Amino acid sequence: MFQRLFGRERYANRAITDALYAQIVAAARQTVFYSDWNVPDTPLGRFEMLSLHMFLFQHRLRGEEGAAAEVAQVLIDEFFLDVEHSLRELGISDVGVPKRMKKLAKMFYGRTAAYDDALREDDRAALAAALARNVRPEAGAWPEAPLLANYVCEASRELAGQKSESITAGKVAFPAAAAE
């Protein structure tokens, strides 16, 4: 039991968590989002893209049991720890962090519900509208929203084709976003 808690398995699990989270972050930071598709390259814009990719990862593992369910939970915990760390780096005081975290968590779960509904209904127009509402709320019309919606649908399909065993071993692959 102690070997499991403090030994090699703990380090292996940390390595898997770090690898998966790094892959999710790398997918969220694809240059095309910010340069060609006009996602704001701001802390909030980066939060939106990371949230979107975390949603896609969680969406893929929803309904799984065992190791996949554990990985999904560990990764969502890691995501919120990263968001909290980022708030502190931005200079948010210790008193202000819990309030901001509550707001950001509410934003994340609200967005994921809208994205999930649109994906379930295979409604790209609703997905594009939800993305525009969340990613560029003050922009009004956002012509690149359908491109991001297409990417989300493609990513969801690609993730669905990846074996749970591969994901729980630390390998997840998101498609490359192509400038169009």
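On a predicted model such as this, the values are computed, not experimentally measured, just so you know.
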Legend entry - His53 ring center near Phe79 ring center (under 6.0 Å): no
To the closest 0.5 Å, what do you measure between [atom1] ([X]) and [atom2] ([Y])?
X: Asp77; Y: Asp82; atom1: CG; atom2: CG; result: 12.5 Å
X: Tyr21; Y: Leu75; atom1: OH; atom2: CG; result: 8.5 Å
X: Leu131; Y: Glu48; atom1: CG; atom2: CD; result: 9.0 Å
X: Leu56; Y: Leu159; atom1: CG; atom2: CG; result: 6.0 Å
X: Leu61; Y: Glu64; atom1: CG; atom2: CD; result: 6.0 Å
X: Leu44; Y: Arg46; atom1: CG; atom2: CZ; result: 10.0 Å

To check you understand the geometry: which heavy-atom pair defines the closest contact between [X] and [Y], and what is its length?
X: Ile76; Y: Tyr109; answer: CG1-OH, 3.9 Å
X: Cys153; Y: Leu119; answer: SG-CD2, 4.0 Å
X: Ala145; Y: Ala128; answer: CB-O, 3.6 Å

Expected output: side-chain [X] to main-chain [Y] donor-acceptor under 3.5 Å:
X: Ser156; Y: Val152; result: no
X: Gln30; Y: Ala27; result: yes
X: Ser51; Y: Phe47; result: yes
X: Glu78; Y: Val74; result: no
X: Asn134; Y: Ala130; result: yes
X: Gln58; Y: Ala72; result: yes

Legend entry - Side-chain donor-acceptor pair present, Asn150, Glu154, cut-off under 3.5 Å: no
Inset, instruction - Give a yes-or-no answer on whether the side chains of Asn38 and Arg136 include a donor-acceptor pair shorter than 3.5 Å. - result: no
Inset, instruction - Go through the steps for Asp36 and Glu144 under the test side chain to side chain contact (heavy atoms under 4.5 Å, CB included), then give the verdict. - result: CA-CA 8 Å; Asp36 296 350; Glu144 295 83 7; over 6 Å; no
Inset, instruction - Mind running side chain to side chain contact (heavy atoms under 4.5 Å, CB included) on Val39 and Trp142 for me, showing each step along the way? - result: CA-CA 10 Å; Val39 170; Trp142 181 33; 4.0 Å; yes
With a cut-off of 3.5 Å and sequence neighbours excluded, list every side-chain donor-acceptor pair involving residues 167-179.
unit_1 : atom_1 : unit_2 : atom_2 : d
Thr168 : OG1    : Ser164 : O      : 3.1
Thr168 : OG1    : Glu165 : O      : 3.2

Is there a side-chain contact between [X] and [Y] in this structure, where contact means two heavy atoms from C-beta onward sitting under 4.5 Å apart?
X: Met49; Y: Tyr34; value: yes
X: Asp18; Y: Arg14; value: yes
X: Phe33; Y: Asp41; value: no

Inset, instruction - Would you please classify the geometry between the Trp37 ring and the Tyr151 ring as parallel, tilted or perpendicular, with 30° and 60° separating the classes? - result: perpendicular
Legend entry - Ion pair Arg60/Glu158, N-O distance below 4.0 Å: no
Inset, instruction - Before giving the answer on side chain to side chain contact (heavy atoms under 4.5 Å, CB included), spell out for Leu148 and Leu52 the whole-Å C-alpha distance, their side-chain angles and the decisive distance to 0.1 Å. - result: CA-CA 10 Å; Leu148 186 55; Leu52 179 61; 4.0 Å; yes
Inset, instruction - In sequence, state the C-alpha distance, the side-chain angles, and the governing distance for Phe108 and Phe80, and then conclude on ring-ring contact (aromatic ring centres under 6.0 Å, His included). - result: CA-CA 10 Å; Phe108 174 77; Phe80 282 112; 5.6 Å; yes
